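Here's the structure, in structure tokens; my notes come after.
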Amino acid sequence: MFDAERFVEEQVQKARDTIRDNAIIACSGGVDSTVAAVIVNEAIGGRLLAVFVDTGLMRKGEKEEVQAMLERLGLNYKIVDASDEFFDALKGIVDPEMKRKVIGERFIRVFEREAREFGARFLVQGTIAPDWIESGDELRDTIKSHHNVGGIPKDMELELFEPLRDLYKDEVRVIARYLGVEVSERQPFPGPALAIRVLGEVNRENIEIVRNACFIVEDEIETAAKKGIMEFPWQYFAVLLPVQSVGVHGDARVYGKTVAVRSVRSIDGMSASYSRIPHEILERISLRITNEMKEQVNRVVYDITNKPPATIEWE
Amino acid sequence: MKVYVIDNGGQWTHREWRVLRYLGVDTRIVPNRAPFESIADADALILSGGSPSVAADGERMGNNGEYLDKAEVPVLGICAGMQFMSTHFGGETAPAKVPEYGKVTIAVSEDARLFERLPREFTVWASHNDEVRRVPSDFRVVARSEVCEVQAIEHKERPLFGLQFHPEVEDTEHGMEIFRNFLDIVEEWR
């Protein structure tokens with residue numbers, strides 16, 4: 001079906017032929033960009049610099065985990081703290097497409113600066129098929145502008161090299177296993193990160209809320225899946241809704257925020273069905289979020305929509 | 001065997017290409033504006049789905065009509081591809097009374113060529129705003145769902161087939177087998 005060995009050989013050769021000078025790779029530490037990094041590193045070695053951008057929108061402990069992984073992979077890497085820049089750019093923006101474009105542009109500006117410093121002409125990205133399909137083109141409607149395709153500003157000065165463009169994530173995972181990349185089974189995480197899990201305006205406070213809620217959802221689902229109580233979903237997370245509702249805490253009225261739990265089963269991200277999470281797990285998630293985050297959240301709901309008609313992320 | 005995927009802008013056009021590649025077919029994706037000459041060597045065509053409403057927005061279906069008139073090879077229309085095929089041969093497409101997005105159960109006719117060796121009822125994934133309201137007289141209906149009367153059609157004599165649902169999508173049961181059945185027909189036709 002899918003021949004990882006042959007694919008890697010072809011792409012290493014193509015990278016060697018195409019990238020004559022230096023290149024940087026946009027590396028989030030997810031399976032797509034890490035596989036692309038390993039392939040291009042095989043081709044051009046020290047002429048490649050992996051750039052991880054700390055947008056301030058990442059999950060709990062993510063920067064540290066990615067750094068440790070890049071270290072173990074033996075890649076030439078750099079971590080760039082750009083969180084102020086991202087939060088400034090996102091101020092006042094509520095439209096999901098605007099958010100994605102603003103984030104896409106910020107990423108490129110950071111990469112352009114890093115490329116100039118490293119003397120690179122090429123930007124390598126781990127773009128896969130759903131990214132450009134959903135971003136739209138002459139024939140296709142835009143479902144959402146993926147930051148690495150539809151979010152790229154027109155005046156970008158870098159040339160793109162995208163070895164995984166025709167693959168879906170299940171195929172990238174096959175390559176990752178073949179290459180021994182440790183994040184082969186990591187759940188997908190969108191480039192705009194937690195910014196698109198905060199419906200409405202993004203600020204440090206809202207990001208912190210959704211970060212903590214995502215952590216609880218991940219923790220409970222991973223624990224349950226490891227025990228064999230449920231299967232590992234394709235993707236599982238929390239979304240902070242722009243909705244407040246009435247609750248009662250110790251006989252006192254509260255008026256707090258609402259978190260939606262989203263978890264889906266999928267093979268390639270292009271269609272999905274909602275996860276059949278056992279009720280006792282859903283209840284634990286609800287209890288933990290409303291107790292541990294009592295200052296902010298007093299209601300938890302479960303999203304039972306498939307893709308289509310919904311998409312996996314809410315924005 | 002060369003089977004080209006005519007791209008009508010579907011979210012799953014590229015998945016059709018992937019399934020064909022997995023089945024060992026020589027395939028490529030061709031935009032629907034491409035001249036017929038550029039696909040004249042195909043052994044079969046897939047007309048993909050896409051967001052155009054065939055009834056209201058037929059222009060965006062590009063040269064699909066020309067392909068259907070000139071190609072003498074088997075053609076499989078999927079979603080908007082089927083709606084276009086049906087309209088092209090004299091049928092009627094209109095907004096669905098009840099649209100279907102995602103999971104749908106279909107019941108298939110016993111003698112339908114695309115559904116050979118498959119169960120009579122199974123789950124598929126669909127995503128359509130419009131539906132075929134009237135099937136052209138040379139075609140017959142070979143699958144239905146609870147809310148959609150025309151889930152699959154086949155021409156009574158020529159190797160022309162249409163599916164309202166998406167066999168290329170992972171969530172569709174027996175999708176790969178439906179493609180295999182189509183490729184068997186292509187093989188026979190060559």
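This one's a predicted model, so the numbers in the text were calculated from it and none came from an experiment. Numbers restart at 1 for each chain; the letters A, B, ... are given by sequence-line order, proteins then strands. These values consider heavy atoms only, across backbone and side chains, with no hydrogens, waters or symmetry-generated copies.
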Is there side-chain contact between [X] and [Y], with heavy atoms separated by less than 4.5 Å?
{"X": "A/Val217", "Y": "A/Val259", "value": "no"}
{"X": "B/Val25", "Y": "B/Val186", "value": "no"}
{"X": "A/Met270", "Y": "B/Val169", "value": "no"}

Contacts of A/Glu313 that satisfy salt bridge (charged side-chain N to carboxylate O under 4.0 Å, His left out) - sequence neighbours left out: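 By the salt bridge (charged side-chain N to carboxylate O under 4.0 Å, His left out) rule, A/Glu313 matches A/Arg197.
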Plane angle bin for B/Phe122 and B/Phe165 - parallel if under 30°, tilted between 30 and 60°, otherwise perpendicular: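 Ring orientation, 0 to 90° scale: perpendicular.
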Contact class of A/Ala310 relative to chain B, heavy atoms under 4.5 angstrom: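 Neither part, no heavy atoms under 4.5 Å.
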Gap between atom CZ of A/Phe161 and atom CD1 of A/Ile19 - 0.5 Å precision: 5.0 Å
Between chain A and chain B, which N or O donor and acceptor atoms come closer than 3.5 Å?
{"residue": "A/Arg140", "atom": "NH1", "partner": "B/Asp7", "partner atom": "OD1", "Å": "3.0"}
{"residue": "A/Arg140", "atom": "NH1", "partner": "B/Asp7", "partner atom": "OD2", "Å": "3.4"}
{"residue": "A/Arg140", "atom": "NH1", "partner": "B/Gly10", "partner atom": "O", "Å": "2.9"}
{"residue": "A/Arg140", "atom": "NH2", "partner": "B/Asp7", "partner atom": "OD2", "Å": "2.7"}
{"residue": "A/Asp141", "atom": "OD1", "partner": "B/Ser51", "partner atom": "OG", "Å": "2.9"}
{"residue": "A/Asp141", "atom": "OD1", "partner": "B/Arg60", "partner atom": "NH2", "Å": "3.4"}
{"residue": "A/Asp141", "atom": "OD2", "partner": "B/Ser51", "partner atom": "OG", "Å": "3.4"}
{"residue": "A/Asp166", "atom": "OD1", "partner": "B/His14", "partner atom": "NE2", "Å": "2.7"}
{"residue": "A/Tyr168", "atom": "OH", "partner": "B/His14", "partner atom": "ND1", "Å": "2.7"}
{"residue": "A/Tyr168", "atom": "OH", "partner": "B/Arg15", "partner atom": "N", "Å": "3.4"}
{"residue": "A/Asp170", "atom": "OD1", "partner": "B/Arg18", "partner atom": "NH1", "Å": "2.9"}
{"residue": "A/Asp170", "atom": "OD2", "partner": "B/Arg18", "partner atom": "NH1", "Å": "3.3"}
{"residue": "A/Asp170", "atom": "OD2", "partner": "B/Arg18", "partner atom": "NH2", "Å": "2.5"}
{"residue": "A/Glu171", "atom": "OE2", "partner": "B/Tyr22", "partner atom": "OH", "Å": "2.4"}
{"residue": "A/Asp268", "atom": "OD2", "partner": "B/Arg15", "partner atom": "NH1", "Å": "2.5"}
{"residue": "A/Met270", "atom": "O", "partner": "B/Trp12", "partner atom": "NE1", "Å": "2.9"}
{"residue": "A/Ser271", "atom": "OG", "partner": "B/Asp171", "partner atom": "OD2", "Å": "2.5"}
{"residue": "A/Lys307", "atom": "O", "partner": "B/Trp125", "partner atom": "NE1", "Å": "3.0"}

